[in-house]
Each structure stands twice: as structure tokens, then as C-alpha cells.
2 protein chains.
Amino acid sequence: MQLRMTNQREIILRELKKSKAHLAADELYDLVKKIMPRISLATVYRNLEILSEAGLIGKLEISGRQKRFDFDVSDHDHIYCTVCHRVDNLNIERKGMDSEQLGAEVGYTITGYRVEIIGICPDCQKKGKKMEKKQ
Amino acid sequence: MQLRMTNQREIILRELKKSKAHLAADELYDLVKKIMPRISLATVYRNLEILSEAGLIGKLEISGRQKRFDFDVSDHDHIYCTVCHRVDNLNIERKGMDSEQLGAEVGYTITGYRVEIIGICPDCQKKGKKMEKKQ
DNA sequence: CTCCGTGCAAACGATTTGCACTATG
DNA sequence: CATAGTGCAAATCGTTTGCACGGAG
């Protein structure tokens with residue numbers, strides 16, 4: 001099964017990288033549609049899946065919501081806003097965590113791990129304060 | 001808004017605790033239906049939400065499609081099997097992680113964080129080996 | 001007797017799939 | 001020219017909601 005670099009695949013990849021954000025499929029679809037108006041949402045889904053399997057982008061399965069896709073494939077963690085569901089990158093020093101050993105204790109073979117910090121992003125904090133005043 | 005301890009709520013809570021597992025709503029629904037056959041799936045969803053808001057159970061919004069609910073409300077992390085989607089408890093020493101400070105660096109107000117180890121559980125490792133032999 | 005909770009069915013949002021057609025390598 | 005990829009619509013999966021009725025406090 002070889003990958004063909006189709007026009008739609010190329011644009012999807014390029015627009016995600018260009019956005020420098022952690023977009024969900026439908027958000028990226030809106031961007032890509034501006035360039036290629038007849039593209040289908042299914043194609044965006046299919047390609048995001050394929051590109052992440054190929055290691056060209058990252059897949060973020062956070063919080064049982066929409067999957068988001070990461071333009072940055074280097075090793076890093078994420079911080080998640082519970083209000084607007086935005087995701088930002090984070091650099092955590094992962095000292096003192098031996099995931100292999102922890103997994104071994106419960107009989108698991110470890111393939112990776114994920115640290116996710118949860119909070120409220122700067123924008124939503126501002127909006128929250130406005131709301132308070134109104135009420 | 002006070003909580004009423006209805007029959008269905010009591011059974012849902014009891015069966016989750018009894019299972020000692022991280023069940024998804026439909027799995028718990030199957031269990032509870034054996035005891036109260038006319039219960040509706042919507043009731044299970046509503047109660048799981050309410051019980052987790054009340055702090056009587058934990059809600060897990062980790063990888064995978066479904067939310068899972070935790071019989072154990074004490075502070076701990078989780079390990080997730082990518083093959084069967086099962087979740088187990090884990091005790092990680094969270095040394096060397098100052099989530100407050102990390103959040104502050106990107107302007108977030110932190111409400112919590114989540115560490116999730118990802119791998120393949122003992123059962124699926126066994127099954128995997130069987131599959132290999134067959135092929 | 002007051003509302004919170006329930007069952008049911010329908011609605012919903014995100015994602016996937018079957019199909020016939022298109023176009024890459 | 002074989003076969004991976006596409007667009008479209010319908011299907012699916014997990015979850016939520018509106019509504020009229022039922023039962024806990």
C-alpha cells in the first residue's frame with residue numbers, strides 16, 4: 001500500500017502546517033475548501049488519518065471530544081482549555097517518570113504516554129471576567 | 001438542586017463500584033439492565049454525569065471514543081490499552097511536575113492535569129501471539 | 001404537592017463507509 | 001492501466017434532549 005501525493009492530500013498537509021494550530025477535521029475542511037471548493041469532508045478525515053499513520057502529522061485524542069491534528073510531530077505535551085477546547089503546545093521536562101517500569105508493574109507493554117494539562121486559556125479568562133460584570 | 005437517591009441511581013452507583021472497572025455507559029447499562037430491565041440508556045448517561053459532578057464517581061475523558069467512569073475517586077492516573085480500550089489504574093509519583101508553573105508560562109489558569117500511559121494490556125498481548133501463530 | 005427523575009423516541013455531532021467515478025504513478 | 005484516492009450520500013456510533021408521566025422527599 002503506497003501513498004500517492006494527491007492534490008487534496010498536499011493541500012491538507014500544507015494548510016495544517018501553515019495554521020500552526022491544533023485543528024479539528026471540520027476546521028481544516030473550512031480552510032481547505034477556500035483553496036479547493038469541491039473537496040469533501042470525508043476526504044479530509046481520510047487523509048488526516050492516513051497522514052498521522054504515516055507520521056507526517058500528529059493525532060490528538062483529547063477528552064472524548066473531537067480529534068485534533070498536530071502540525072508539530074516533535075515530542076511534546078499539550079495544554080487544553082476546558083472552555084473553548086483549544087489546545088496549545090507545552091514543553092514538559094519528563095524527569096522522574098519511568099513509564100516502561102510503571103507499565104511493567106501492571107503487565108502492559110508500553111507504546112507511549114501523554115501528559116495533558118487542563119485549564120482555562122488566556123482568552124477565555126478575559127471573556128469570563130466580562131461575563132461576570134454583565135451579570 | 002438537591003439529589004434524590006432513586007432506585008436506578010443507587011443501582012448504577014452500586015454496580016459500577018462492584019465492577020471495579022472503568023466502564024463505558026453502554027457496558028454499565030448492560031449490567032444494570034439485568035437487575036432493572038426497563039431502565040433506559042438515557043438514564044444511565046444522565047446519572048453517570050450527575051454522579052461524577054457530585055464527586056461520587058470519576059469521569060475519564062481519555063483516548064478512545066467513549067467516556068469511561070471510574071469507581072475509584074481517589075487521586076490516581078490511568079493506563080490505556082490501544083487494542084481492547086480497557087483502562088487500568090496506576091499510581092504515579094508525580095514528582096518534578098509543577099503544572100501550575102507550566103500553565104502560567106502560556107497564560108493558562110490550571111484546574112488539573114492528566115497523565116495517561118498507553119500500551120497493550122496483558123490479555124491482548126497473549127491474543128496477539130496466538131494471532132501470529134495462526135498466520 | 002412539588003419538582004426531580006424517568007422512559008421513550010427523536011435529534012445530534014463527529015466520524016466512517018459503500019459506491020461509482022477519477023487520476024496518480 | 002492497475003489500483004489508491006475522491007465526492008457524495010447514507011450509515012453508524014456515542015451521547016443528548018424534549019416531552020409527558022412517575023415517584024421521592
Side-chain angles (χ1 to χ4, degrees), chain A residues 1-16 22-54 56-70 80 82 84-87, chain B residues 1-16 22-54 56-70 80 82 84-87:
Chain A
M1 211 258 288
Q2 59 191 347
L3 283 207
R4 289 179 185 174
M5 194 42 72
T6 61
N7 228 291
Q8 18 282 84
R9 188 162 296 166
E10 206 164 4
I11 293 173
I12 287 167
L13 185 56
R14 197 186 66 213
E15 289 303 302
L16 179 62
H22 300 79
L23 299 180
D26 64 312
E27 293 166 344
L28 188 53
Y29 173 60
D30 288 342
L31 278 181
V32 170
K33 230 178 2 183
K34 288 178 187 164
I35 297 155
M36 182 179 265
R38 290 190 55 83
I39 197 170
S40 122
L41 180 55
T43 298
V44 175
Y45 272 106
R46 275 189 284 238
N47 276 316
L48 286 172
E49 201 54 45
I50 286 167
L51 289 170
S52 71
E53 248 155 57
L56 294 171
I57 60 175
K59 177 162 46 159
L60 285 143
E61 304 190 45
I62 285 186
S63 299
R65 312 192 52 87
Q66 276 175 287
K67 284 176 197 157
R68 295 187 167 272
F69 294 85
D70 197 339
Y80 167 70
T82 50
C84 68
H85 310 297
R86 151 181 159 191
V87 174
Chain B
M1 210 259 287
Q2 57 189 350
L3 283 207
R4 290 181 184 171
M5 193 42 71
T6 61
N7 226 290
Q8 17 283 84
R9 189 162 294 164
E10 207 164 2
I11 292 174
I12 287 167
L13 185 55
R14 196 186 66 212
E15 289 304 303
L16 180 61
H22 301 79
L23 300 179
D26 64 312
E27 294 167 344
L28 188 51
Y29 173 58
D30 287 342
L31 278 183
V32 169
K33 231 179 358 184
K34 288 178 189 164
I35 296 155
M36 183 180 263
R38 289 190 57 82
I39 198 171
S40 121
L41 180 56
T43 298
V44 175
Y45 272 106
R46 274 188 286 237
N47 278 314
L48 286 172
E49 201 53 46
I50 287 167
L51 290 169
S52 72
E53 249 155 55
L56 294 172
I57 60 175
K59 178 163 45 161
L60 267 81
E61 305 191 44
I62 61 173
S63 304
R65 33 222 214 235
Q66 287 172 286
K67 284 177 197 154
R68 294 186 169 271
F69 294 85
D70 196 340
Y80 168 70
T82 50
C84 68
H85 309 293
R86 149 181 160 192
V87 174

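Remember, it's a predicted structure, so these values are computed and weren't measured experimentally. Throughout, a chain's letter reflects where its sequence line sits, starting with A, and its residues are numbered from 1.
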Please check the phosphate of C:dT15 (OP1 and OP2 only) for any side-chain N or O of A:Tyr45 closer than 4.0 Å.
yes
Closest heavy-atom pair, B:Val44 versus B:Ile12, reported as atoms and distance to 0.1 Å, is CA-CD1, 3.8 Å
Nucleic acid contacts of residues 23-39 of chain A, taken as heavy-atom distances under 4.0 Å to DNA chain C
none
Report the residues that fulfil side-chain contact (heavy atoms from CB on, under 4.5 Å) with B:Arg14, sequence neighbours left out, ordered by chain and then residue number.
B:Ile11, B:Ile35
B/S/- contact track for nucleotides 18-25 of chain D, protein heavy atom under 4.0 Å:
B----BBS
Figure out the NZ/P separation between B:Lys67 and C:dG13, and round it to whole Å.
15 Å
Any donor-acceptor pair under 3.5 Å linking the side chain of B:Arg9 with the backbone of B:Arg4?
yes
Straight-line distance of A:His22 NE2 to A:Arg86 CZ, nearest 0.5 Å
10.5 Å
Between C1' of D:dG5 and CG of A:Leu48, the distance in whole Å:
15 Å
Whole Å only: how far is the CD1 atom of A:Ile50 from the C1' atom of C:dT16?
13 Å
For residues B:Ser52 and B:Gly58, report the shortest heavy-atom separation together with the two atoms involved.
CB-C, 4.5 Å
Which donor-acceptor pairs under 3.5 Å do the side chains of residues 23-34 of chain B make with protein atoms, sequence neighbours left out?
unit_1: B:Asp26; atom_1: OD1; unit_2: B:Gln66; atom_2: NE2; d: 2.7
unit_1: B:Glu27; atom_1: OE1; unit_2: B:Ala24; atom_2: N; d: 2.9
unit_1: B:Glu27; atom_1: OE1; unit_2: B:Arg68; atom_2: NH1; d: 3.0

Measuring from B:Gln8:CD to B:Glu10:CD, what's the distance to the nearest 0.5 Å?
10.0 Å
Are A:Asp70 and A:Ile57 side-chain neighbours, meaning at least one heavy-atom pair lies under 4.5 Å?
no
Whole-Å distance, A:Arg65 CZ to C:dG13 C1', equals 10 Å
What nucleotide, of C:dC8, D:dC8, D:dT6, holds the atom closest to the side chain of B:Ser40?
C:dC8
Any side-chain heavy atom of A:Ile39 within less than 4.5 Å of one from A:Met36?
yes
Distance test, side-chain N/O of A:Lys59 to OP1/OP2 of C:dT15, below 4.0 Å
no
Separation of D:dG14 P from B:Phe69 CZ (nearest whole Å)
13 Å
Helical bend (five base pairs per end, nearest 10°) for the helix from C:dC1-D:dG25 to C:dG25-D:dC1:
40°
Atom CD of A:Glu49 to atom C1' of C:dA14: distance rounded to whole Å?
13 Å
Charged N to carboxylate O under 4.0 angstrom, B:Glu49 versus B:Lys59?
yes
For B:Arg46, check side-chain contact (heavy atoms from CB on, under 4.5 Å) against everything at least two apart and list the hits.
B:Ala42, B:Thr43
So, OP1 or OP2 of C:dG7: does either fall under 4.0 Å of a side-chain N or O from B:Gln8?
yes
